[in-house]
Amino acid sequence: MTTAPPAGAPPRAALISPSPTSVPAPEAPPAPAVRRVPLTVAAVIGVLLSAYVFVQHGAKPGVLLLLGTGLGYALFHSRFGFTSAWRQLVAVGNGTGLRAHTLLLGTTATLFALIIGTGTGLFGSTPALSAGPLGIGLLIGAFVFAVGMQLGGACASGTLFAVGSGQSSILLTLFGFIAGSTLAAWQFGLWSDLPALDPVLLSDHVGWFGSWAVTVLALAAVWWIARTVQARRNPPPVGAPPSARTPLARVVRGSWPLAAGAVVLAVLGAAVLLVSGGAWGITSAFALWGSKVVGFLGGSPETWAFWQQPGSAAQLSGPVLADKNSLTDIGIMIGAALASAAGGVWTLHRGIPGKTAVAAVLGGVLMGIGARLAGGCNIGAYLAGIASGSLHGWLWGAVAIAGTWAGLKLRPFFGLGNPKPADSVC
C-alpha cells in the first residue's frame with residue numbers, strides 16, 4: 001500500500017530524475033550575433049602573447065598559458081560558478097551548482113590519483129599534492145573569503161572570467177582582490193604564526209586508492225544531500241544563459257551544460273598539474289602582481305617576510321609571464337573574452353551604482369586577505385585540496401558555506417539582491 005504525499009507538498013522525484021523546482025526551468029534565449037571586434041582583439045592578444053611566451057620563456061610556460069585560455073573558455077561557456085552555486089543553495093535550497101561541484105571534484109580527484117599516484121609529469125616536473133595546515137588561519141580565511149565573494153559578486157575563478165567577458169564591476173573586484181592579497185603579504189607576520197595542526201592527507205593513511213574511494217564516496221554523499229535539500233525546499237530553477245541552437249554550434253558559442261563544464265575543467269586542471277607539477281591555483285598571482293606594483297612605485301616587497309619564504313624570492317624576482325599561476329590567470333581572461341565574444345555577449349558594463357562599486361572593492365579585498373590566511377581560494381584550497389585527499393579542502397568548503405550565509409545577510413546593505421523562493425529563477 002502506498003501513501004500519497006500530502007496536498008501542497010513538493011513532488012517526490014526518482015533518484016535519477018532532475019531535482020524538482022517550483023516552476024519549470026526557462027528555455028535558453030538564442031545567442032546574439034558574434035561580437036567580431038572583441039573576438040578579433042582577444043584572438044590577436046592571445047596569439048601574440050602565446051608566441052611571446054613560447055619564444056621568451058619556453059614550451060612549459062607557453063602550454064600553461066594555453067591551458068589557462070582553455071579554462072577561461074570552459075568557465076564562461078558553462079557559466080561554472082562557485083559564488084552563485086553557494087548563494088543559490090543557502091538562499092533557496094537549489095543545489096544544482098553544488099552537485100556540479102561534486103562532479104568537478106570527483107573527476108579531478110580521479111585524475112589527480114592517476115597522475116600523482118604514478119608520479120607522472122611533463123617537462124621534468126614531479127606532481128605534488130595540495131595539502132594545507134588545519135588551523136585558525138584556514139577557518140578565518142575561508143569565512144572571510146566567502147563573505148567577500150558574495151559582496152564582490154564572484155569567486156577567484158569567477159572574477160577572472162567575468163573580467164574577461166567585459167564586466168566592469170568585477171574589474172573593481174579584481175583590483176580589490178589584488179590589493180587585499182598584497183596587504184596580506186605585507187602583513188605576513190600578523191597571521192603566519194596562528195595556531196594550526198599539520199596537514200592531514202588520506203593517502204598517508206589508506207593509500208592512493210583508499211584516498212580516492214573515500215573522496216568519491218564523500219562527494220556522492222554531498223550530491224545526495226544537495227539533491228534532498230532541493231527536493232524538500234522546491235526552489236526556483238537556475239536561469240538559462242543565451243545559447244546557440246545546435247550541439248556543434250554550442251561547442252563554439254555556448255552555452256554548455258554544467259556537467260560538460262565540470263568534466264572539461266577537471267581535465268584541464270589535471271593537465272596543469274601534469275605540466276607544472278602543481279595543482280591549478282589563482283590567488284598567489286594576485287599577491288605577486290600587487291607586490292610587483294609596490295616595487296615599481298619604489299617600495300621594497302623583497303624585504304617582506306612573505307617573499308622570504310622558500311621559493312618565494314625567486315617568484316618575486318622572476319618575470320610575471322614565467323609564473324605558473326599568472327600564466328593561467330591571464331589565460332583565463334583571454335579564454336573568457338574569446339568565449340563571450342563568440343557567444344555574442346561580450347559587453348562593457350557602464351554606470352555602476354556607487355554601493356555596488358563599494359561592495360565590489362570591499363569584496364575583493366576580503367577575498368584577497370582570506371585567500372592568503374587560508375592558503376588558497378575556491379580553486380587552490382577547495383578544489384585542489386579535496387581532489388588531493390587533503391582534509392583542509394573539506395574544511396574550507398564547510399566554512400565557506402557559513403561565510404556565504406553571512407555574506408547574504410550583508411548584501412542588501414549594498415543594494416545587492418538575494419534569491420527568494422517566489423522568484424521565477426534564482
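In this chain, numbering begins with 1 at the start of the sequence shown.
- Scanning both residues, A287 and S181, for their nearest heavy atoms gives N-CB, 3.6 Å.
- The distance from the CG atom of L268 to the CD1 atom of I332 is 10.0 Å, given to the nearest 0.5 Å.
- Of all heavy-atom pairs between A249 and A244, the closest is CB-CB, 3.7 Å.
- For A74 against V264, the heavy-atom pair with the smallest separation is CB-CG1, 3.7 Å.
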- Query: Would L395 and H392 satisfy side chain to side chain contact (heavy atoms under 4.5 Å, CB included), going step by step from the backbone distance to the final call?
  - Reply: CA-CA 5 Å; L395 288 177; H392 89 289; 5.5 Å; no
- Task: Go through the steps for L114 and T118 under the test side chain to side chain contact (heavy atoms under 4.5 Å, CB included), then give the verdict.
- Result: CA-CA 6 Å; L114 293 172; T118 60; 5.5 Å; no
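- Aromatic ring pairs are classed by plane angle as parallel below 30°, tilted from 30° to 60° and perpendicular above 60°; the pair W256 and H77 is tilted.
- Between I330 and the options L65, I45, L64, a side chain to side chain contact (heavy atoms under 4.5 Å, CB included) holds for only L65.
- What you find for I334 and G46 is that their closest heavy atoms are CG2-CA, 4.0 Å.
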- Message: Is there a side chain to side chain contact (heavy atoms under 4.5 Å, CB included) between L327 and D323? Walk through the geometry before answering.
- Response: CA-CA 6 Å; L327 288 164; D323 175 63; 5.8 Å; no
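- In summary, the side chains of S390 and S388 do not present any donor paired with an acceptor at a separation below 3.5 Å, with no hydrogens or angles considered.
- Ring-plane geometry between F82 and H101 is classed as tilted, the angle between the planes lying from 30 to 60 degrees on a 0 to 90 degree scale.
- Put simply, OG1 on T182 and CH2 on W289 are 11.0 Å apart, with the number rounded to the nearest 0.5 Å.
- Taking the six-membered ring for Trp and thresholds of 30 and 60 degrees, W191 and F188 have ring planes more than 60 degrees apart, a perpendicular arrangement.
- Between S276 and K60 the shortest heavy-atom distance is CA-CE, 3.7 Å.
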- Message: I'd like to know whether W394 forms a ring-ring contact (aromatic ring centres under 6.0 Å, His included) with Y382, so could you lay out the CA-CA distance, the side-chain angles of the two residues, the decisive distance to 0.1 Å, and finally the verdict.
- Response: CA-CA 7 Å; W394 288 100; Y382 174 61; 8.1 Å; no
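- Side-chain N/O atoms of W307 and S291 include a donor and acceptor closer than 3.5 Å.
- No hydrogens or angles considered: a donor-acceptor pair under 3.5 Å links the side chains of R372 and T283.
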- Query: side-chain hydrogen bond (donor to acceptor under 3.5 Å, both in side chains) between N325 and S284: does it pass, once the steps are laid out?
  - Reply: CA-CA 7 Å; N325 288 349; S284 67; 2.7 Å; yes
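- Side-chain rings of F112 and W212 stay apart, their centers remaining 6.0 Å or farther from each other.
- Here the shortest heavy-atom pairing between M367 and T159 reads CE-OG1, 4.1 Å.
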